[in-house]
Each structure stands twice: as C-alpha cells, then as structure tokens.
Amino acid sequence: MKRLRGRSRGALVAAAAMCVVAAQPGLPGGTALAGTARAADQPTPYAIDPRATRVEGAETTSTAESLQPGVTYRDSIEPGKRLVYRLDLDDAANAYVSATAAPELESRVAYGDELTVRMEDSLGKECDSAQARMLPPGVYPRPLTASASRTLDGTEDEACREAGPYHVIVERKSKPTSTQDPWQLELRYLSEPKLTGAGPTEAAENWPTASPEPPSGASEQREGGAGFADAVELRQGQWTAAIDPGESLFYRVPVDWGQQLFTSAELGGSEGNGVVSGAMSLAVYNPARGLVDSVGSMSYSGKRKSLSTEPAPPVDYANRFSSIADERAMRFAGWYYVRVSLSPEVGEKFGQKPYDVTLRVTVDGTAKNGPGYDGPAGEFSVSDENLEQADNGSTRENAEDNTTMTLVAAGGIGTGTVLVLGLGGWVLVARRREAGR
C-alpha cells in the first residue's frame with residue numbers, strides 16, 4: 001500500500017474545512033484543494049496553489065487583465081492557444097513572471113509539446129522569453145515551467161526600460177497525437193527592487209566547479225510536496241521519500257548570497273525485468289521559478305541508480321550578466337526549488353507501487369550580505385525564519401492543515417462555522433461515550 005502523504009493527521013480539520021469549502025463556492029482555489037483527494041494507490045497530480053487568484057488570459061493586449069506583484073494566479077490553456085496578461089511596470093524594478101502547466105497524469109503527451117512564456121513592451125518588442133518542452137528520453141505528463149523577465153540591469157538596449165504597460169504572453173503547442181484537454185496553469189509574478197547604488201555589470205569568470213562530497217550521515221524521511229506552493233523545506237542532508245510512477249515531488253532549499261547548491265537524486269532498486277529510458281528527472285529552479293538545470297536521461301533496470309544536476313555558481317547579483325543560462329539563473333538569494341519526477345513506465349515494467357528516492361542536498365559556502373536593494377528584498381532573500389523552516393521541514397499534511405485552517409477562518413460566522421461546531425460536538429459526544437465504557 002502506498003504511504004499516505006498529508007491525509008492521515010489533521011483529517012478532522014480537513015473534513016470540517018471541506019464542509020466550509022462546499023458552503024463557499026466562490027472561494028479562490030477551492031477546487032485545487034479538492035483535486036488533491038485521490039485514491040491512496042494513485043500518484044498525486046500537480047497541486048495548484050489553493051490561494052491562487054483566478055484570472056482569464058485574453059486573446060489581445062487591449063483586453064488583458066493586470067497581474068499584481070507577489071500574487072499567484074491560476075488559469076488554463078488549450079492546445080494552440082495564446083493567453084495575454086498585463087503588467088504595469090515602473091522604470092526601476094525588475095519583473096519576473098513564471099507559468100507552470102500541469103497536464104493530467106492520465107493524458108498523452110508527445111516530444112515537442114511546449115509551453116512558452118514571453119514578455120513584451122507596449123510596442124510589442126520582446127524583452128525575454130523561455131520555453132519548457134517535453135523532451136526524450138522518457139516523454140510523459142509532468143509539470144512544465146518557464147519564466148520570462150523585464151530586467152533593467154546593465155543592458156544597452158533601450159527597449160523594455162520605460163515605465164508603462166507590458167504584456168506576458170503564454171502559449172501552448174501540442175502535437176495532434178497528444179491529449180487535447182486544457183492544461184491547468186499556475187502563474188507567479190515577482191518584482192525585484194532596484195539597487196541603492198551602482199551595481200556590477202559583469203559576471204564573475206572564476207568560481208568553484210567541483211562538486212563537494214555528498215552529505216554524510218543517515219537519511220531522514222521527508223515526503224515531498226505536489227507543487228511549488230507546497231514544496232517541502234529542506235536544508236543540507238540526505239532525504240528519503242516515496243514516489244509513485246508518474247508523480248512529481250517538490251522541495252525548496254534556502255540558498256543565500258555567496259552559497260552554491262548541489263543536488264542529486266537516487267532511485268531505489270526493485271525486482272522486475274526491462275529497462276526504462278528517462279526513468280527519473282531532476283530539476284532545479286530559482287526563486288522566480290526560472291530553470292537552473294534539468295537532467296532526465298537516467299536509464300533504470302531495477303538496480304539502484306542516481307543522477308545529479310551540474311554545478312552552478314554561487315548566488316551572486318552579477319550572475320545575471322553571464323552568457324550561460326544556468327549561471328544567469330543564480331542571480332538572487334531565496335528559496336530554490338527541486339523537482340523529482342518518476343516516469344509511469346517504471347510502474348509498467350517494475351510494478352505499480354511507491355519507490356524509494358533519496359535526495360542529497362549540499363549548500364556550500366558562507367552566506368554573504370546582499371547587493372543592497374532599495375526596498376524590501378522579499379522573496380529574493382533568506383531570513384532566519386526560512387532557515388528554521390528548512391531545519392524543521394514540513395509535510396504536505398502540514399500544508400493541508402494550514403490551508404484548511406485558513407479556509408475555516410475564511411468561512412466566518414455562518415454555515416461553515418455551524419458545520420465545524422457540529423463536528424466538534426460529535427467528537428465531544430464520542431469522547432464522553434468512550435470515557436463511560
């Protein structure tokens with residue numbers, strides 16, 4: 001039987017909250033919470049942030065809805081569609097918008113199915129773009145994430161530097177053989193303050209490229225989250241989890257200025273016959289959900305096997321001036337996200353069951369002072385609270401408990417409150433009956 005993540009402890013609170021959700025049909029993100037309730041023997045699908053605000057991408061720039069910094073949004077996108085969103089930017093802050101598309105786990109995808117995110121100024125000049133594609137080996141439904149930005153640092157191009165309206169365009173391409181159902185879409189917009197003074201204009205040329213020894217000591221159990229929003233906090237160490245074929249697990253690690261992040265994942269052994277190409281993939285994203293590195297060429301024959309991301313430079317503001325994409329991505333401090341995905345073909349060849357995966361995380365180097373932002377750094381920083389969260393970790397059940405408690409509070413005094421009080425009364429009666437036996 002599959003190990004349950006986030007469904008045992010807190011069940012009473014969850015039940016009460018679901019009653020409140022049922023009584024509050026307009027509550028943003030309620031459907032995402034309901035979507036996580038799947039049978040214990042099935043993989044968990046990508047979990048859209050339950051607090052996400054609903055938005056509808058427009059067909060034209062003139063009707064595009066405006067996004068606000070620090071807010072997560074949810075939408076959906078059909079094959080061949082182009083969705084437009086608006087940003088109102090000043091001439092000082094950098095802007096980052098990411099999009100994560102979540103195909104249904106049972107859907108068909110093909111090599112080349114693609115999600116593109118592009119940012120343009122008011123005249124249609126492209127500021128930045130990125131693509132996330134289904135690539136071989138091992139093409140199967142898994143989250144696709146891409147991020148685009150408007151940055152003002154050190155570029156000589158006068159385009160995309162003015163204050164005014166900008167537009168984010170999200171496009172989906174799917175082969176005719178792929179399932180034509182809409183993909184759920186999660187959008188995140190972050191704003192990075194300008195510097196108080198002159199900053200660097202060139203990336204560092206020399207930095208440590210050798211991977212350190214993997215962390216020693218016994219592995220600790222820490223089950224992963226089902227998306228960016230409920231990614232489980234980690235610090236340096238070895239962490240073991242259970243993963244189902246077709247499932248993706250998400251973690252996040254605080255990486256401060258001057259520190260390097262090294263990650264590897266190991267898939268445990270299993271009885272069975274055959275070979276699966278691209279059995280597991282491992283990806284790292286920065287705080288703006290921009291891709292740092294992704295590897296997925298591991299072949300699995302039932303023997304224990306591992307894969308690692310390439311070494312990336314220490315976190316430095318100047319990295320944004322590098323000509324290499326994975327170096328540019330290490331441009332700010334904050335939570336760095338780690339995604340581990342297991343191909344459903346592993347289940348077909350070696351059995352439909354949970355598989356042990358061990359994630360090894362090393363954060364190397366001493367934290368340094370930041371570049372000096374003219375305003376709160378927000379998510380582009382590491383706080384003492386972040387470090388404490390990473391030490392303690394959290395599970396999806398904690399995330400669900402916190403979310404459901406928020407929903408209970410949001411229900412206010414009304415139908416939801418009555419339902420919760422009624423449920424509490426049933427529990428009290430049951431306890432008294434038990435005590436009287």
Side-chain angles (χ1 to χ4, degrees), residues 5 29 31-32 35-36 38 42-50 52 72-79 83 97-117 130-136 138-148 170-174 178-179 181-188 223-232 241 243-252 263 265 278-296 309 329 335-346 357 359 396 399:
R5 288 193 289 273
T31 55
T36 62
R38 292 174 64 91
Q42 295 183 8
T44 303
Y46 183 85
I48 300 287
D49 188 342
T72 302
Y73 296 87
R74 65 177 301 157
D75 200 350
S76 62
I77 187 167
E78 297 177 353
L83 304 180
V97 176
S98 65
T100 298
E104 293 291 336
L105 297 183
E106 300 83 4
S107 64
R108 296 185 308 277
V109 294
Y111 165 50
D113 285 3
E114 178 181 279
L115 181 75
T116 300
V117 180
Q131 296 81 34
R133 300 183 180 96
M134 297 291 180
L135 297 174
V139 176
Y140 57 90
R142 59 179 179 269
L144 293 176
T145 301
S147 175
V170 180
E171 297 179 89
R172 173 188 169 186
K173 294 181 181 179
S174 290
S178 300
T179 301
D181 292 341
W183 289 349
Q184 293 300 303
L185 200 61
E186 183 177 64
L187 302 160
R188 180 74 172 159
E223 303 294 347
F228 283 102
D230 72 346
V232 173
I243 185 170
D244 282 317
E247 194 168 51
S248 293
L249 303 181
F250 285 78
Y251 297 90
R252 61 178 186 168
T263 61
M280 186 169 67
S281 69
L282 174 67
V284 176
Y285 301 89
N286 69 20
R289 303 186 185 180
L291 180 65
V292 177
D293 191 22
S294 177
V295 288
T309 54
W335 290 109
Y336 278 73
Y337 297 89
V338 180
R339 173 184 59 78
V340 182
S341 300
L342 185 63
S343 170
E345 191 178 350
V346 172
V357 61
L359 186 64
R396 288 179 51 203

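What you see is a predicted model, and the numbers here were worked out from it, not measured in a lab.
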Check the pair Leu185, Val170 against side chain to side chain contact (heavy atoms under 4.5 Å, CB included), reporting the backbone distance first and the verdict last.
CA-CA 10 Å; Leu185 200 61; Val170 180; 4.0 Å; yes
Go through it in stages, so that I can follow the logic: the residues are Leu144 and Asp113, the test is side chain to side chain contact (heavy atoms under 4.5 Å, CB included), and I'd like the CA-CA distance, side-chain angles, deciding distance and then a yes or no.
CA-CA 10 Å; Leu144 293 176; Asp113 285 3; 5.5 Å; no
Residues Arg188, Phe228; criterion side chain to side chain contact (heavy atoms under 4.5 Å, CB included); working and verdict:
CA-CA 10 Å; Arg188 180 74 172 159; Phe228 283 102; over 6 Å; no
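Looking at every heavy atom in both residues, Tyr73 comes nearest to Ala52 through C-CB, 3.9 Å. Closest approach of Gln184 to Ser76, counting heavy atoms only: NE2-CB, 4.0 Å. Contact detail for Ala283 and Leu291: the closest heavy-atom pair is CB-CD1, 4.4 Å. Of all heavy-atom pairs spanning Pro141 and Val109, the tightest one is N-CG2, 3.6 Å. Here the closest non-hydrogen pair linking Pro143 and Ser248 is CD-OG, 3.4 Å. The shortest non-hydrogen separation linking Thr309 to Val284 is CG2-CG2, 3.9 Å.
Judged by distance alone, the side chain of Thr179 and the main-chain N or O of Arg108 form a donor-acceptor pair under 3.5 Å. Listed for the Glu186 side chain is no donor-acceptor partner under 3.5 Å among the backbone atoms of Thr100. In this structure, Asn286 contributes its side chain and Ala329 its backbone to a donor-acceptor pair below 3.5 Å. Not a single donor-acceptor pair under 3.5 Å links the side chain of Arg252 to the backbone N or O of Trp335. A donor-acceptor pair under 3.5 Å is absent between the side-chain atoms of Tyr46 and the main chain of Gly227, judged by distance alone.
Distance check: Met280 CE to Leu282 CG gives 7.0 Å after rounding to the nearest 0.5 Å. A distance of 6.0 Å separates CD in Glu223 from OH in Tyr251, rounded to the nearest 0.5 Å. Taking CG of Leu359 as the start and CG of Leu249 as the end, the distance is 9.0 Å to the nearest 0.5 Å. Rounded to the nearest 0.5 angstrom, Leu105 CG and Thr44 OG1 are separated by 8.5 Å. We find the CD-CD distance between Gln131 and Glu171 to be 9.5 Å, quoted to the nearest 0.5 Å. Going from atom OG of Ser178 over to atom OH of Tyr111 covers 13.0 Å, rounded to the nearest 0.5 Å.
Ring centers of Phe250 and Tyr337: at least 6.0 Å apart, outside the cut-off.
Remark: the Arg339 side chain and the Ser281 side chain contain an N/O donor-acceptor pair separated by less than 3.5 Å. Donor-acceptor pairing under 3.5 Å is lacking for the side chains of Ser147 and Ser98.
Counting only heavy atoms from C-beta outward, the side chains of Met134 and Pro103 approach each other to under 4.5 Å.
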